[in-house]
Amino acid sequence: MISQILTAIGAMIFGVAVCAAYFLFSNKLLDLIFPAKEGADVHRAAVNLRRRGLIRPWLFLGPALFLLAVYLMYPVIATLILSFYGPDGNQFVGGANYVWAFNDTEFRQSIFNNILWLAVVPAACTFFGLVIAVMTDRIWWGNIAKAVIFMPMAISFVGASVIWKFIYEYRGGNDTQIGLLNAIVQLFGGTPEVWITIPFWNNFFLMVMLIWIQTGFAMVILSAALRGIPEETIEAAVIDGANGWQIFWKIMVPQVWGTIATVWTTITILVLKVFDIVLTMTNGQWNTMVLANLMFNWLFRGGGDSGRSAVIALVIMVAVTPIMIWNIRRANAEMKGR
């Protein structure tokens, strides 16, 4: 434990030292290449100062752009190229992997399930987060409630899956039901079910887990945004006779709409990458397969098929792209409006 802590501290010190040395050395080198000393030719000094001003920002951006190219651009291009090759990545097969994807029943089921997740989870997390943020700001024990609701964020997806497995647990025969959901069903005279094996509805049982985890994130961000609303606007609405419902929808929501969109976008991207929950709970059985889990199956299991897994990865990337473009345009529009 101590050695790991010392290694981490050493890595941080070394990283900061390397960054500082890079910036000091690069700026010194730039000043040597384009000197602008007092007493030198005025015109040449002015040109060198202008060149320094143009180059210096790129010295700061250079490492970030390099890492961006290595860790983002290169994998995307490599994945695109790989999608035209066979299982081992050596034999060129053209568009055969794409033909397979759109003719494969499991792939189409994954697309449908991802759309279902996208339609439910971001909207539910954002809505519940906003409602809870408003409600907890009005009670004295609101901070305690927020801490309890935010707590699931500290749990990994696998850990959350283990917790919810006990909630959905089913015991056959005359065994006592230890699953919370089945215990409640029995309490009201119902029949216990193997909930995660019920086609279509089992997707919603899995979604509940992600909503449980991410609502705390939405609540914290939206609560901070709500506290930024000027009190004068709410007081004016009260004076004009607006009730609580009207204040919420017509005063609060419009003023935090940008934050709502940001939270919704963040959770949407997370949903497109959902993997751990499905893998732990069902491994894609009973029509619960999603794209990320399907990609994992084709990449690592049964010998692997890098070509088909690359196609699935590209579909996920393409699905994320419109969301990113929309978010960037919205951010630019807000900047221009200020």
Side-chain angles (χ1 to χ4, degrees), residues 65-123 156-158 161 196 199-200 202-204 206-207 209-210 214 264-329:
L65 293 175
F66 173 75
L67 293 174
L68 191 67
V70 171
Y71 289 102
L72 286 181
M73 297 303 297
Y74 170 72
V76 171
I77 296 169
T79 302
L80 177 62
I81 295 171
L82 198 60
S83 68
F84 294 102
Y85 284 81
D88 58 359
N90 294 322
Q91 183 184 2
F92 182 78
V93 296
N97 291 324
Y98 292 91
V99 173
W100 159 82
F102 291 99
N103 288 327
D104 183 70
T105 304
E106 196 172 35
F107 179 82
R108 293 199 299 268
Q109 181 67 50
S110 301
I111 293 285
F112 173 77
N113 289 341
N114 268 100
I115 292 172
L116 203 60
W117 280 72
L118 287 171
V120 175
V121 175
S156 69
F157 285 177
V158 174
S161 300
I196 61 174
F200 181 72
N202 50 11
N203 286 290
F204 292 95
L206 300 183
M207 291 178 203
M209 298 164 55
L210 189 55
Q214 290 297 313
W264 180 87
T265 302
T266 304
I267 299 175
T268 297
I269 295 173
L270 176 68
V271 167
L272 283 168
K273 301 184 296 181
V274 67
F275 162 71
D276 313 63
I277 292 173
V278 176
L279 178 68
T280 307
M281 294 294 290
T282 65
N283 193 25
Q285 300 177 85
W286 309 296
N287 296 336
T288 59
M289 185 66 78
V290 291
L291 288 171
N293 198 60
L294 184 64
M295 181 185 71
F296 175 81
N297 283 350
W298 279 106
L299 188 59
F300 294 110
R301 294 182 180 171
D305 190 321
S306 56
R308 291 182 177 182
S309 60
V311 169
I312 301 169
L314 286 171
V315 170
I316 297 173
M317 293 178 198
V318 170
V320 171
T321 302
I323 301 168
M324 294 175 60
I325 292 173
W326 174 78
N327 214 33
I328 292 169
R329 286 184 175 178

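The shortest side-chain heavy-atom distance between F157 and T280 does not fall under the 4.5 Å cut-off. Here the side chains of W117 and L206 are in contact, with some heavy-atom distance below 4.5 Å. Taking the side chain as every heavy atom from C-beta outward, M281 and T288 never approach each other to under 4.5 Å. Between L294 and V290, the closest side-chain pair of non-hydrogen atoms is not below 4.5 Å. Using a 4.5 Å cut-off on side-chain heavy atoms (C-beta onward), L270 and L210 make contact. With a 4.5 Å cut-off on side-chain heavy atoms, F107 and L291 count as touching. Contact annotation: the side chain of F84 never approaches that of N97 to less than 4.5 Å [non-hydrogen atoms, C-beta and beyond]. At a threshold of 4.5 Å between non-hydrogen side-chain atoms, the residues P122 and V271 count as touching.
Summarising the geometry of D276 relative to S161, their closest heavy-atom pair is O-OG, 4.2 Å, with the distance given to 0.1 Å. Between M295 and S309, the closest heavy-atom pair is CG-O, 3.5 Å. Nearest approach of S306 to P87, heavy atoms of both residues: OG-O, 2.8 Å. Residue A69 comes nearest to P75 through the heavy atom pair O-CD, 4.4 Å, listed as atom of the first residue, atom of the second, then distance.
Taking CG from L314 and CG from L82, the interatomic distance works out to 9.0 Å, rounded to the nearest 0.5 Å. Interatomic distance, OH of Y71 versus CG of L68, reported as 12.0 Å (0.5 Å rounding). To the nearest 0.5 Å, atom CG of residue L272 and atom CD1 of residue I267 are 12.5 Å apart. In this structure, M289 CE and N114 CG are separated by 11.0 Å, a value rounded to the nearest 0.5 Å. Taking CG of N293 as the start and OG1 of T282 as the end, the distance is 7.0 Å to the nearest 0.5 Å. Here the CG atom belonging to N90 is positioned 9.0 Å from the OH atom belonging to Y85, to the nearest 0.5 angstrom.
A distance-only check finds no donor-acceptor pair linking the side chain of S83 to the backbone of G307 [under 3.5 Å]. Listed for the N283 side chain is no donor-acceptor partner under 3.5 Å among the backbone atoms of V278. With hydrogens and angles ignored, the 3.5 Å screen pairs no side-chain donor or acceptor of N203 with any backbone N or O of L116.
By the 30° and 60° cut-offs, the orientation of the rings of F296 relative to F300 is tilted.
Within the structure, the side-chain hydrogen bond (donor to acceptor under 3.5 Å, both in side chains) test picks out the following pairs touching residues 99-112 (sequence neighbours left out): Q109-N113. Pairs engaging residues 308-323 under the salt bridge (Lys or Arg N to Asp or Glu O under 4.0 Å) rule: D305-R308 [sequence neighbours left out].
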- Query: Can you list the steps and then say if N202 with N287 is a side chain to side chain contact (heavy atoms under 4.5 Å, CB included)?
  - Reply: CA-CA 8 Å; N202 50 11; N287 296 336; 5.5 Å; no

- Message: Quick one, I196 with Q285, criterion side chain to side chain contact (heavy atoms under 4.5 Å, CB included). Give me CA distance, side-chain angles, the key distance, then yes/no.
- Response: CA-CA 9 Å; I196 61 174; Q285 300 177 85; over 6 Å; no

- Query: Could you walk me through whether L80 and V76 pass the side chain to side chain contact (heavy atoms under 4.5 Å, CB included) check?
  - Reply: CA-CA 6 Å; L80 177 62; V76 171; 5.7 Å; no

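M317 CE: more than 12 foreign heavy atoms inside a 6.0 Å radius. Atom CZ of F92 has more than 12 heavy atoms from other residues, nucleotides or ligands within 6.0 Å.
Under the 6.0 Å cut-off for aromatic ring centres, F102 and Y98 do not qualify, their centroids lying 6.0 Å or more apart.
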